[in-house]
A.B. asks: 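Submitted below is the structure of interest, expressed as C-alpha cells.
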Amino acid sequence: MPRFACFAVLPTACLVIAAWLTTAPAHGADLPVLHYVAGRFPPYTQEDANSIAIGPTAALVAELARRLGRPAPLLVQPFARALATAEHEPNTLIALIARTPEREESFHWVCPVLDYDVLMFRRRERSLVVASTIADLKQWRIAGVNRDVKTEYLLRQGIPVEIMADEDEATRLLLFGRVDAMPGHPATVRMRLREQDQREDALVPMLALPELTSKLYLAFGRSTAPEVVAMVAQACAAMIASGEVAQLLQPVMQN
C-alpha cells in the first residue's frame, strides 16, 4: 500500500490519529512518578470538605499532569510543610511559590505562572494604625506565616513578626484585635474574609509592599533530575504560550 494510502482509504481514522498525536502527553514514558504539593492559598489553592484540592491551582496542576502523562492528586499542606516536602523529596512539584534569593539555590524554577502583589492590611475601624514606610511598621504588632516570603521580607527589614501556622490564623487574630496588621495578597485576603463570614472590607490596605511584587512559580527541589525539570518546564512553557495558564489561574469569586 502506498505510504499515504490511509488518507485515501480511511481519512477519518487518520484525522483521529493525528489529533491524538497532537495532544498526547509529552515524554511521559521518560518521566518518573511525579508528586504535586501546594500550600493553602485562597482563592487559588483550596480543599473541599473531603480534603480534595480544588480551585485554579488544582486545575492547572491537573492539566499539566495530563500533558505529562503523570496524573496524581495535588496535596494541599501548610505552606512550610509543602515547601520542605518539595525541597527534600525528589520529583515533587510545588505550585505557586515566590522566587527569592534565599530559595534560589534550593529549587529548580520550572516556570512563572501567576502575578503576585502584596499589601499590609489592618482592621477597617482601626484608622489610627497607619504606616507611611516600612520602618513605621515597627510600632505595630505584625502577624506573619512561617517561611512565607512576606514574613521573610519583613524580618529582613528589621520588623518584628509574630509567627503563625498559616494565614487563616493570622487573619483571625487580626480581626479579633490580637495583632495590628498583616501582609497579604489582596485576592487572598478577600477570600479569607468571605470564608470567615466577614465583610470584604473588614480588612483594608494600609501600606503597599512593591518590593514583593513578583511572579509565583512552579518548582522542584534540587534532588529532582535536571532532565525531569526540563520536560516539565517545556510542557509548562507551552501552556503559558497558548494562554492556558492565565485562563486556568483566574480565581472564581463567589457572590
A.B. asks: Looking at Thr45, Thr57, Asp166, Asp168, which hits side chain to side chain donor-acceptor pair (under 3.5 Å) with Arg40?
C.D. replies: Asp168
A.B. asks: Looking at every heavy atom in both Ala53 and Leu74, which two are closest together, and how far apart are they?
C.D. replies: CB-O, 3.4 Å
A.B. asks: Among the clusters formed by ILVMFWY side chains lying less than 4.5 Å apart, do Leu193 and Met164 turn up in the same one?
C.D. replies: yes
A.B. asks: With Glu87, which of Arg147, Arg222, Arg103 fulfils salt bridge (Lys or Arg N to Asp or Glu O under 4.0 Å)?
C.D. replies: Arg147
A.B. asks: Counting only N and O atoms by type, is there a donor-acceptor contact under 3.5 Å from the side chain of Arg70 to the main-chain atoms of Leu31?
C.D. replies: yes
A.B. asks: Whether the side chain of Thr92 engages the backbone of His35 through a donor-acceptor N/O pair (distance < 3.5 Å, no angle test) should be reported.
C.D. replies: no
A.B. asks: Scan for ring pair (Phe, Tyr, Trp, His ring centres under 6.0 Å) pairs involving residues 75-105, sequence neighbours excluded, and state none if there are none.
C.D. replies: none
A.B. asks: Please round to the nearest 0.5 Å and tell me the distance separating atom CE of Met191 and atom CD of Gln46.
C.D. replies: 5.0 Å
A.B. asks: Has Trp140 got a side-chain atom pairing as donor or acceptor with Val130's backbone, closer than 3.5 angstrom?
C.D. replies: yes
A.B. asks: Tell me whether Arg122 contacts the main-chain N or O of Arg124 through its side chain, where contact means a donor paired with an acceptor under 3.5 Å.
C.D. replies: yes
A.B. asks: Between Asp180 and Arg141 (side chain of the first, backbone of the second, donor and acceptor by atom type, cut-off under 3.5 Å), is there such a pair?
C.D. replies: yes
A.B. asks: Could you check Leu207, Ile134, Asp136 and say which one makes a side chain to side chain contact (heavy atoms under 4.5 Å, CB included) with Met120?
C.D. replies: Leu207
A.B. asks: If you apply the rule side-chain contact (heavy atoms from CB on, under 4.5 Å), what do you find for Phe107 with Thr224, and how did you get there?
C.D. replies: CA-CA 9 Å; Phe107 291 92; Thr224 298; over 6 Å; no
A.B. asks: What are the two closest non-hydrogen atoms of Ala131 and Leu137, and how far apart are they?
C.D. replies: CB-CD2, 3.7 Å
A.B. asks: Using the side-chain hydrogen bond (donor to acceptor under 3.5 Å, both in side chains) rule, take Gln77 and Thr85 through it: C-alpha gap first, then chi angles, then the decisive distance, then the call.
C.D. replies: CA-CA 9 Å; Gln77 301 176 325; Thr85 299; 3.2 Å; yes
A.B. asks: Considering only residues two or more places apart or on different chains, which pairs with a residue in residues 236-248 satisfy side chain to side chain donor-acceptor pair (under 3.5 Å)?
C.D. replies: Arg67-Glu244
A.B. asks: Please work out which of the three classes, parallel, tilted or perpendicular, describes the rings of His185 and Phe41, given edges at 30° and 60°.
C.D. replies: tilted
A.B. asks: Minimum heavy-atom separation for Pro43 and Pro56, please, with both atom names.
C.D. replies: O-CD, 3.3 Å
